[in-house]
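Residue numbering restarts at 1 for every chain, and letters A, B, ... go by the order of the sequence lines.
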Amino acid sequence: MEENLVIVESPAKAKTIEKILGKNFLVKSSFGHIRDLDKKDFGVDINNNYQPNYIISEDKKKVVSDLKKCAKSAKTVWIASDEDREGEAIAWHLMEVLHLDPKNTNRIVFHEITKEAILKAIENPRLLNKDLVDAQQARRVLDRLVGFEISPVLWKKVKPSLSAGRVQSVAVRLIVDREREITNFLSVPFFRVNAVFLVPEKNGKVSLLKAELNNRFDTAEAAKSFLLKCKGSDFTIADIVTRPAKKSPAAPFTTSTLQQEASRKLGFPVGLTMSLAQRLYESGKITYMRTDSTNLSNEAIGAAKKKIIGSYGEKYVKIRQYKTKVKGAQEAHEAIRPTYFDQEEVEGTPQEQRLYSLIWKRTLASQMADAEIERTTVNITVSKATELFVASGEVLRFDGFLSVYMESTDDESGNEDEKGMLPVLSVNQKLLPDHIQALERFSQKAARYTEASLVRKLEELGIGRPSTYAPTITTIQQREYVVKEDREGVERTFLTLILRNGMIGEEVKTEIAGAEKSKLFPTDIGLVVNDFLVKYFEPIVDFNFTASVEKQFDEIAEGQLVWNRMIDDFYQPFHVKIEDALTNSERARGERILGQDPATGKLVSAKIGRFGPFVQLGEAVEGSDEKPQFASLQKGQSIETISMEEAIKLFELPRDLGEFEGKKVIVGIGRFGPYVRHDGNFVSLKKDIDDPLTVTIERAIELIEEKRENTIKSVIKTFGEDPEIRILEGRWGPYISFKKDNYKIKKGTDVQALSFADCKMIIESEGVKPKTNKKRGK
DNA sequence: CAGTGAGCGAGCTTCCGCTTGACTT
C-alpha cells in the first residue's frame, strides 16, 4: 500500500511522474473530467439558482471506482490536475466524488514535467481555489444554456438535429461572412510594369537585372503610354542603398501554431495533426500537445543549447523566452517540444516522423541566433518619365536559425520573387533594357479559410481552447454547415504589353484563376442557420461575445462576482430572445426568387427542402392538377449564387433518351452523381467524360453493356442451391451477396473453397443488419 | 442507394472542455 496517491489528468503524464517520484507514490489519472452536467432534463435547474446537476459520465465509472479504492488506502492524496480553470474544476469534482478529506488532501500544480518542478510543487501544496471552480461552473452552465436552448429552436424552425453553440456558431459565421465578402468582391484590373536590364560584367558575360516600376496603371492605355515614354528614354542608376536586416525565429509550437504549420508545410488536416501528436506524446517523444503556452522549461532550454552548440557552434545559440500573446491563454503546460533534443529523428509512421521533425526543428530554431541579411535597393530613373524602376536583392550574411527552420505563410499570391544577389553596379551607371513588360493583374479577393487558418482566427478571437479546435472543425462539417472542398478555377484572359527592340507588342493570354484546394465553403443550410442566428441571437454570435463573458469569468475567479448572479444576468434577456424566436419567426427555408422562366413565364425559385437545396419551376395552385417541377442543386451550387440559366439547366434532367431492349433509358443526376437508368439498374456516367445534358443513347447503351460485362466478371462463385447467394469481387476484395445485403469474408479465407453451407453460416452469424446511420458516427 | 419536395406526430436530436480508447471504412 502506497502512502501517497497523486492524481493527474493524463495517463501518459502519470507514467512519467511515477518514475520521477519513485516508491511511496502511486500516480493515477482521472482521464480529464469525471463528471458533467446531466444531458437529460437540461442538467441545470433554472428555477433554483441555476443549480447544476452533475452525473458521473458512463465511460468514467470504472476510473472513479478505481480512484476511490486507491484514495481510501492512501494517507495523503495529492491532486495535480492542470493549473487552469478546467483543472481546478476537475480537482473539485474529485474532492466531491471521492469524498476526500481536506485535512489529508493537497492541491498541487506544476507547468512542466521535470523532477525539479514536481518536487517543488510537492513542497508547496495549496488549498482548492473555489472561486476558480465557480468560474468554470459559470462557463459550463452558460455553454449548456446557449447550446440546449438555441438548438431546439433550430429543430423547429429550420431542420431537426441541428445545433448552435457559443463556439461553433461563430466558426460558421466567419466562413459565411468570408464567402459573401468573396461573392460581392469586384476584381479590378491594373497593370504592373517590370523591366529586365542587361548588365555587362568584367569577365565579358552579361547578367540580368530585374526591376519593378514603383507605380501601377489602371488602364491599358496608361500602361502603353508609359512604355512609349520608355522607348526613347535613358535608364540611369540614381542610387544604391544597402541596409542590414534581421530575421528572427518563430516561437515554439502551441496547439494552434502546430496545426497551422502542419497544414501549410505538410498538408495535414488539423484532426490528423492532433492524432499524430497524440501518438508521439504517448510514446514519450514530445511534450503535451494541447497547450496555449510558448514557454520552455529551463531543462529544455539547456538541452536545446547543448544540441545547437554541438551541431552548429556557439555563435548559433541565442536563448529566448517567448511571451504568449493570445487572448485568454491559460498556460497550464509547456510549449509543444521534443522530449529529447538529441533525437533528431524518431521511429514511427512516415507521417509521425514528419510531424516530429517539424516540432524538433521549430523548437531548436526558437533558441537560435537571428539570421543576418543585407538588403540592397537600387533606384533606376527613366529620363522621359517621373516613375522609377526599383531592383532589390538580398544577401544572407549569417544564416543563424535559418539553417534549421523557416516558418511558412498563408500568402497564396505566389509572387514572392526569389530575391538573390545583384550584379555589381555603380551609381550613375547607364543601363540597357532587354525588354519592359506591362502585365495585367487583378486585385485579389480575400482568401477562403482552411481548417488551420480558421483555427488561427478563432484563437485570435479567444474562442475555443486547444482541446476543442479540431473537434469544432469536425462538428461544423458533420452538421453540414460547412464543406471542405476543392473547386476548379475559371479561365480568364489578361493583356500583356511588351517593349522590345523599340517595338511594342500586344498579346492576350489566358490563365486559370480562383482554383481552391481543401477550403471551407458554407452550405445552404449553413447560410440559412447563420442568418437565422444573426437575426434572432446577434449578441451570442457576436465575435466579441466570448471575450466579454471571459472577462466576467475572470471576475468570478477573482472573487468579485458571484457565478449564479452572472448567469442570471445573462439568462433573463437571453431567454426572452428564445421565446421571441419561437413565436415570431417564420420557418427558415432560405427561399430566393430567381425570376420568371423565359420559356413558360412560370416562377423559378430556390430553397431548402427535406432533402437539401432545390430549385422549383412553377407553383402549386389549389384545385389544379398541375404540379411544380423540382430539381436538386448540384455540388458546388448554392441558393445564394445560382443563376436563372443554371437553374433552367437543372430542370432538363432527368432526360428520356429513348428505348433499349424495349425498356426506357433515362439519364439523371442522383446522390452519387450523374447516372443512366435502364430496366431498374443504375450505371454511373464517367466523370469528366460524359455530360448528362448531352450524352447520347448510343453512349448510354455502351455504358450499360460495359457494366453488364463487369458484373459478370465480378462473380466468383454461385450455388445451385440458392441463386440469391453469390460470392462477388468488390472494391475491398471478395464478399458474399445475399438479397440486398453484403457480408464480409474474413481475411485469409480460401474463397474458392467456401461451400454453400459456409456462406449460409456467415450470413446467419452476422444476423439481420441493423440500419446504421453513417453520417453521425456513434 | 439513385425518382422525393405533405400528411399523422412518437421519440429523438443539441452545448464546450478535460481526457483516451475501440472501432470500421
Side-chain angles (χ1 to χ4, degrees), chain A residues 8-14 29-37 39-40 42-44 57 59-60 62-63 81-82 84-91 93 136 139-156 159-169 275 278-279 281-282 288-290 330 332 463-469 471-472 475 478-479 540 546 589 605 607-616 620 627-632 653-654 666-677 680-685 731-732 740 744 772-774 776-778:
Chain A
V8 295
E9 292 183 35
S10 147
K13 214 182 196 180
S29 149
S30 77
F31 291 81
H33 275 295
I34 53 166
R35 289 203 298 189
D36 192 16
L37 296 175
K39 269 167 91 136
K40 300 189 300 266
F42 217 65
V44 178
S57 328
D59 53 330
K60 295 294 164 56
K62 260 183 83 177
V63 175
S81 48
D82 296 345
D84 58 16
R85 203 161 63 201
E86 298 296 327
E88 204 67 13
I90 289 174
H93 284 300
Q136 193 274 346
R139 199 279 305 154
R140 183 66 194 91
V141 168
L142 178 109
D143 283 336
R144 170 57 60 90
L145 294 175
V146 169
F148 274 39
E149 289 218 348
I150 300 184
S151 298
V153 179
L154 294 179
W155 305 343
K156 267 214 171 86
K159 205 176 126 168
S161 301
L162 295 176
S163 65
R166 173 177 59 82
V167 173
Q168 59 169 284
S169 297
S275 64
Q278 176 89 30
R279 290 219 286 279
Y281 166 67
E282 282 169 7
Y288 197 56
M289 64 283 152
R290 290 186 275 265
Q330 308 202 2
I463 299 171
R465 304 277 314 132
S467 67
T468 60
Y469 295 137
T472 300
T475 301
Q478 259 178 6
R479 296 281 174 279
I540 308 297
T546 291
R589 294 177 196 279
S605 61
K607 62 183 142 194
I608 286 181
R610 283 200 293 156
F611 312 103
F614 67 98
V615 282
Q616 178 176 342
K627 272 191 180 168
Q629 203 183 334
F630 304 103
S632 287
L653 294 174
I666 309 281
V667 60
I669 294 179
R671 270 221 298 153
F672 307 113
Y675 65 89
V676 173
R677 194 184 61 190
N681 290 315
F682 291 87
V683 186
S684 291
L685 293 190
R731 231 188 335 155
W732 293 290
K740 287 244 154 165
K744 264 185 313 197
T772 47
N773 189 351
K774 276 187 186 167
R776 277 288 150 88
K778 288 207 175 177

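- Both thresholds, 5.5 Å between centres and 30° between ring planes, are not jointly met by A/Phe148 relative to the base of B/dC15, so the two rings are not stacked.
- When the nearest nucleotides of DNA chain B are assigned to A/Leu145 and A/Pro466 by heavy-atom distance, the more 5′-ward of the two goes with A/Leu145.
- On the P atoms, B/dC16 is 23 Å away from B/dC12, given to the nearest whole Å.
- The two residues A/Ser161 and A/Arg479 have their closest heavy-atom pair at O-CD, 3.9 Å.
- Phosphate proximity of B/dG5 to A/Gln616: absent, as no side-chain N or O sits under 4.0 Å from OP1 or OP2.
- Within the nucleic acid shown, A/Ser81 has no heavy atom closer than 4.0 Å to any nucleic acid atom.
- Among the protein residues, A/Gly87 comes within range of no part of the nucleic acid, since none of its heavy atoms lies under 4.0 Å from any strand.
- For the atom pair A/Leu142 CG and A/Thr546 OG1, the distance stands at 8.5 Å (nearest 0.5 Å).
- The shortest heavy-atom contact between A/Ser81 and A/Glu9 is CB-OE2, 3.5 Å.
- Within 4.0 Å of A/Gly43, counting heavy atoms only, lies no atom of the nucleic acid at all.
- Among the heavy atoms of the strands, none lies under 4.0 Å from A/Thr546.
- Both A/Tyr288 and A/Val683 lie close to DNA chain B; mapped to their nearest nucleotides by heavy-atom distance, the more 5′-ward contact belongs to A/Val683.
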